[in-house]
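Keep in mind that what you see is a predicted model, and the values were worked out from it rather than measured.
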Amino acid sequence: MSAAFDTIDRKALLDILKTIIDEDEVRIIRFLLSNTVVNTKVNKATEEKPFISNVGTPQGDSLSPVLFIIYLEHALRDIRTNISPPTDIERLLPREFAYADDVDFVSLEFVEVEEVQKALERHRLFVNVDKTDFTRLSRNAKDWRETKKVGSFIGDKEDVERRKQLSTAALLKLRNIWIGGELRLKTNEDLDYLRSIAQDRQQWKGLTTKIQEAAEASRSED
């Protein structure tokens with residue numbers, strides 16, 4: 001979705017919250033959403049006069065993602081009701097997978113983005129068409145196995161291989177840092193951080209020993 005946190009209808013959000021939390025909690029959230037001041041920036045220059053916004057949730061507030069998820073779930077229920085009622089087989093499957101403002105719709109038939117967009121617009125949510133992808137799962141085709149969803153490949157084998165490659169690259173980078181002498185402890189806090197990685201003194205001792213052995217081996221090779 002596009003600018004999802006910035007387009008939430010606050011009045012509609014508060015009406016939804018009234019059905020799941022008590023009045024005192026709604027009052028606190030209403031206070032959080034009130035008097036939200038926004039600054040605009042044009043050509044890297046900030047406008048002198050800020051203005052009060054009456055839509056969206058505050059950026060950077062830890063409660064904003066939770067409020068957005070609640071608001072999005074309400075909108076998705078509208079889509080489930082009005083767009084492509086599920087078949088008996090589809091009732092056994094999740095209709096969508098949502099992670100923050102990324103939503104994947106699952107269907108045995110093609111899902112019309114325009115219909116989804118119209119349904120979301122009724123809740124002031126907007127589909128980012130440029131970032132919308134279509135993935136068709138088939139036993140005969142294999143290209144879908146390397147399609148990423150929330151950072152992971154859909155195909156289990158392909159995802160495991162990719163993660164092995166990433167972990168190997170990360171370990172090689174650490175090895176180069178240890179052996180190449182790029183590891184610098186500037187403050188005691190840096191040392192305390194490394195110590196916190198080790199769960200006990202024996203593990204810490206083993207870690208430092210391995211670093212020393214790697215450094216000595218590098219010197220002997222030179």
Leu67 and Asp61: CA distance, side-chain angles, deciding distance, side-chain contact (heavy atoms from CB on, under 4.5 Å) verdict: CA-CA 10 Å; Leu67 297 177; Asp61 191 282; over 6 Å; no
Minimum heavy-atom distance Phe153-Arg162, with the two atoms named: CE1-CD, 3.2 Å
Distance (rounded to the nearest 0.5 Å) between Glu23 CD and Leu17 CG: 10.5 Å
Val103 side chain near Val127 side chain, heavy-atom distance below 4.5 Å: no
Nearest heavy atoms of Asp156 and Arg145, plus distance in Å: N-NH2, 4.0 Å
Ile28-Tyr71 co-clustered via ILVMFWY side chain contacts under 4.5 Å: no
Glu146 (side chain) donor-acceptor with Asp143 (main chain) under 3.5 angstrom: no
Test log, rule side-chain contact (heavy atoms from CB on, under 4.5 Å), inputs Phe68 and Leu125: CA-CA 11 Å; Phe68 173 76; Leu125 296 173; 4.1 Å; yes
Distance in Å, Ile21 CD1 paired with Ile16 CD1, rounded so as to fall on 0.5 Å steps: 11.0 Å
Closest approach of Thr19 to Asp15 (non-hydrogen atoms, all atoms of both residues): CG2-O, 3.7 Å
Ion pair Glu73/Arg77, N-O distance below 4.0 Å: yes
Residue among Val26, Leu33, Val55 satisfying side chain to side chain contact (heavy atoms under 4.5 Å, CB included) with Leu13: Leu33
Side chain proximity check, Leu32 to Leu63, heavy atoms < 4.5 angstrom: yes
Arg163 and Ser152: side chain donor to acceptor below 3.5 Å: yes
Between CD1 on residue Ile154 and OG1 on residue Thr135, distance to nearest 0.5 Å: 5.0 Å
Pairwise side-chain contact, Ile70 with Val66, heavy-atom cut-off 4.5 Å (strictly under): yes
Shared hydrophobic cluster, Leu72 / Ile20 (ILVMFWY, side-chain heavy atoms < 4.5 Å): yes
Basic-acidic side-chain contact under 4.0 Å: Glu121, Lys118: no
Step-by-step side-chain contact (heavy atoms from CB on, under 4.5 Å) determination, Asp78 to His74: CA-CA 7 Å; Asp78 184 19; His74 179 77; over 6 Å; no
Nearest-0.5 Å distance, OG of residue Ser64 to CD1 of residue Ile69: 11.0 Å
Side chain to side chain, Leu120 and His123, heavy atoms closer than 4.5 Å: no
